[in-house]
Amino acid sequence: MAAPAALQRSVVSPAGRHTASLIFLHGSGDTGQGARAWIKQILNQDMAFQHIKVIYPTAPARPYTPMKGAFSNVWFERYKISNDCPEHIESIDSMCRRLTDLINDEVKNGIVKNRILIGGFSMGGGMAMHLAYRFHQDLAGVFALSSFLNKDSAVYQALKRNETVLPELFQCHGTADDLVLYSWGEETNKMLKSLGVSTSLRTFPNLNHELSRPEIEELKTWIVKKLPVEA
């Protein structure tokens with residue numbers, strides 16, 4: 001069987017020497033190009049750095065049950081958008097393998113794994129938590145914006161057996177989110193904290209299921225703290 005094609009990606013190159021990389025995973029039904037354009041619209045410019053390459057991959061289209069089986073660009077299949085149903089682990093794991101190829105591409109370009117951050121919006125943040133906490137615990141950090149993990153997530157099972165220092169999690173959630181409830185994000189945060197993840201949850205009052213400028217600005221500050229310019 002042929003290996004799946006590399007994921008399409010939209011890339012913002014660093015202004016100077018490339019010494020770190022950031023992988024941003026879009027929400028369900030979006031594309032890498034779409035996520036980049038959304039952030040650009042919020043900031044009036046690309047989210048760009050002197051030394052960090054920003055990569056926005058696109059999830060391949062697949063049938064998606066919450067959309068009655070219609071094809072959608074989603075990182076994995078879901079039985080429903082809820083935190084109390086089983087995870088579709090087969091689709092999550094196959095995408096973890098494909099995103100590992102993306103991480104390995106950066107390593108081949110000379111970027112060490114503790115200089116790579118991964119995160120995303122909504123489903124993208126959930127995907128990032130699976131990828132980092134189950135398969136790549138040596139990454140620099142993880143961010144999850146308006147995201148959650150299911151109550152019996154494989155992430156929690158993996159961390160129960162974990163002995164190593166885990167990547168820090170930067171989590172943001174709007175209190176008015178009516179698609180991914182704030183309480184789901186809060187519960188995810190508490191569970192991860194109880195399992196040894198260093199994490200903070202930044203709360204954005206009246207923010208729905210969307211990104212905001214204050215949130216992106218806080219994220220950028222955290223990114224540079226985790227991936228400082230090398231002396």
(request) Mark yes or no for whether Asp177, through its side chain, and Leu179, through its backbone, hold a donor-acceptor pair below 3.5 Å. (result) yes
(request) Could you give me the CA-CA distance, side-chain angles and deciding distance for Ile39 and Asp46, then say whether side chain to side chain contact (heavy atoms under 4.5 Å, CB included) is met? (result) CA-CA 7 Å; Ile39 290 173; Asp46 264 318; over 6 Å; no
(request) Could you check whether the rings of Trp38 and Phe121 sit parallel, tilted or perpendicular, using 30° and 60° as the cut-offs? (result) perpendicular
(request) Given side chain to side chain contact (heavy atoms under 4.5 Å, CB included), test Ile116 with Val107 step by step and report yes or no. (result) CA-CA 9 Å; Ile116 299 173; Val107 173; 4.2 Å; yes
(request) Quick one: pull up CG in Leu166 and CG in Leu195 and give me the separation to the nearest 0.5 Å. (result) 9.0 Å
(message) Quick check against the 3.5 Å criterion: does Arg36 have a side-chain atom that pairs as donor or acceptor with the backbone of Val11?
(response) yes
(request) Show your working on side chain to side chain contact (heavy atoms under 4.5 Å, CB included) between Asp84 and Asp152 and close with a plain yes or no. (result) CA-CA 8 Å; Asp84 62 356; Asp152 63 346; over 6 Å; no
(message) In this structure, would Ile92 and Leu99 fall into the same cluster of hydrophobic residues linked by side-chain contacts under 4.5 Å?
(response) yes
Report, one line per pair, each donor and acceptor closer than 3.5 Å where one atom sits in a side chain of residues 47-56; sequence neighbours left out.
from, atom 1, to, atom 2, distance (Å)
His51, NE2, Leu227, O, 2.6
Lys53, NZ, Glu106, OE1, 3.4
Lys53, NZ, Glu106, OE2, 3.1

(message) Closer than 3.5 angstrom, by distance alone: can the side chain of Thr175 be matched with the main-chain N or O of Asn206 as a donor-acceptor pair?
(response) yes
(request) Can you measure from CG (Leu207) to OG (Ser146) and round to the nearest 0.5 angstrom? (result) 6.0 Å
(message) Applying a strict under-4.5 Å side-chain criterion to I, L, V, M, F, W and Y, I'd like to know whether Ile223 and Leu131 cluster together.
(response) no
(message) I want to check something: taking the side chain as every heavy atom from C-beta on, are Glu215 and Phe204 in contact at a cut-off of under 4.5 Å?
(response) yes
(message) Give me the atom names and distance for the closest heavy-atom approach of Ile42 to Ser212.
(response) CG2-C, 3.9 Å
(request) Measure across Thr188 and Trp184 and return the closest heavy-atom pair with its distance rounded to 0.1 Å. (result) OG1-O, 2.8 Å
(request) Side-chain contact test, heavy atoms from C-beta onward, threshold under 4.5 Å: evaluate it for Phe135 versus Asp93 and give yes or no. (result) yes
(request) Kindly work out whether a path of hydrophobic side-chain contacts (I/L/V/M/F/W/Y, heavy atoms less than 4.5 Å apart) joins Trp75 to Tyr79. (result) no
(message) Treating Glu187 as the side-chain partner and Gly185 as the backbone partner, does any N or O pair qualify as donor plus acceptor under 3.5 Å?
(response) no
(message) With a 4.5 Å cut-off on side-chain heavy atoms, are Lys220 and Glu218 touching?
(response) no
(request) Could you tell me which non-hydrogen atom of Gly119 sits nearest to which non-hydrogen atom of Ala128, and how far apart they are? (result) CA-CB, 3.5 Å
(request) Would you tell me whether Ser153 and Glu87 have side-chain atoms, one donor and one acceptor, within less than 3.5 Å of each other? (result) yes
(request) May I ask you to test the Pro228-Arg115 pair for a side-chain heavy-atom distance under 4.5 Å? (result) yes
(message) I need the Phe143 CZ to Phe170 CZ distance, nearest 0.5 Å.
(response) 9.0 Å
(request) Using distance alone, with no hydrogens and no angle criterion, decide if Thr31 and Asn73 have a side-chain donor and acceptor under 3.5 Å apart. (result) no
(message) Side chains of Arg134 and Gln157, heavy atoms from C-beta outward: is any pair under 4.5 Å?
(response) no
(message) Between Tyr156 and Met191, is the side chain to side chain contact (heavy atoms under 4.5 Å, CB included) condition met? List the steps.
(response) CA-CA 8 Å; Tyr156 303 148; Met191 273 300 290; 3.6 Å; yes
(message) Whether Asp138 and Lys113 form a salt bridge (side-chain N of Lys/Arg under 4.0 Å from carboxylate O of Asp/Glu) is what I want to check.
(response) yes
(request) Using a strict 4.0 Å threshold on nitrogen-to-oxygen distance, state whether Lys226 and Glu168 make a salt bridge. (result) yes
(request) Report yes or no: do Met129 and Met127 belong to one cluster of Ile/Leu/Val/Met/Phe/Trp/Tyr joined by side chain heavy-atom distances under 4.5 Å? (result) no
(request) Could you point out which residue of Asn162, Leu149, Leu159 forms a side chain to side chain contact (heavy atoms under 4.5 Å, CB included) with Tyr133? (result) Leu159
(request) Classify the side-chain pair Ser28/Asp30 by whether it contains a donor and acceptor separated by less than 3.5 Å. (result) no
(message) List the residues meeting side chain to side chain donor-acceptor pair (under 3.5 Å) with Thr203, not counting sequence neighbours, and say none if there are none.
(response) Tyr182
(request) Would you mind reporting whether Val180 and His173 have side-chain heavy atoms less than 4.5 Å apart? (result) yes
(message) Between Ser122 (side chain only) and Gly124 (backbone N and O only), is there a donor and an acceptor less than 3.5 Å apart?
(response) no
(message) If I compare all heavy atoms of Ala132 with all of Leu139, which pair ends up nearest, and what's the gap?
(response) CB-CD1, 4.1 Å
(request) Rounded to the nearest 0.5 Å, what's the gap from CG on Leu145 to NE2 on His209? Could you check? (result) 10.0 Å
(request) Can you spot which of Thr199, Val197, Leu169 makes a side chain to side chain contact (heavy atoms under 4.5 Å, CB included) with Val142? (result) Leu169
(request) Work out which heavy atom in Pro167 is nearest to a heavy atom in Gly141; give both atom names and the distance. (result) CB-CA, 3.8 Å
(request) Supply the atom-to-atom distance Asn189 CG to Leu192 CG, rounded to the nearest 0.5 angstrom. (result) 7.0 Å
(message) Between Thr100 and Cys96 (side chain of the first, backbone of the second, donor and acceptor by atom type, cut-off under 3.5 Å), is there such a pair?
(response) yes
(request) Answer yes or no: is there a side-chain heavy-atom contact under 4.5 Å between Thr19 and Val229? (result) no
Pairs under 3.5 angstrom only: tabulate donor-acceptor contacts from the side chains of residues 58-66 to other protein residues two or more places apart or in another chain.
from, atom 1, to, atom 2, distance (Å)
Thr58, OG1, Gly32, N, 2.8
Tyr64, OH, Arg78, NH1, 3.4
Thr65, OG1, Glu77, OE2, 2.5

(request) Would you kindly confirm whether Leu201 and Trp222 end up in one hydrophobic cluster when ILVMFWY residues are joined by side chain heavy atoms under 4.5 Å apart? (result) no
(request) Please name the pair of heavy atoms, one in Ser147 and one in Gly120, separated by the smallest distance, quoted to 0.1 Å. (result) OG-O, 4.0 Å
(request) State, with a plain yes or no, whether a side-chain heavy atom of Pro57 is found less than 4.5 Å away from one of Ile23. (result) yes
(request) Can you measure from CG (Leu219) to CZ (Arg202) and round to the nearest 0.5 angstrom? (result) 9.5 Å
(message) With a 4.0 Å cut-off on N to O distance, would you call Asp101 and Lys108 a salt bridge?
(response) no
(request) Say whether, by atom type as modelled, one donor and one acceptor occur between the side chain of Asn44 and the main chain of Lys40 under 3.5 angstrom. (result) no
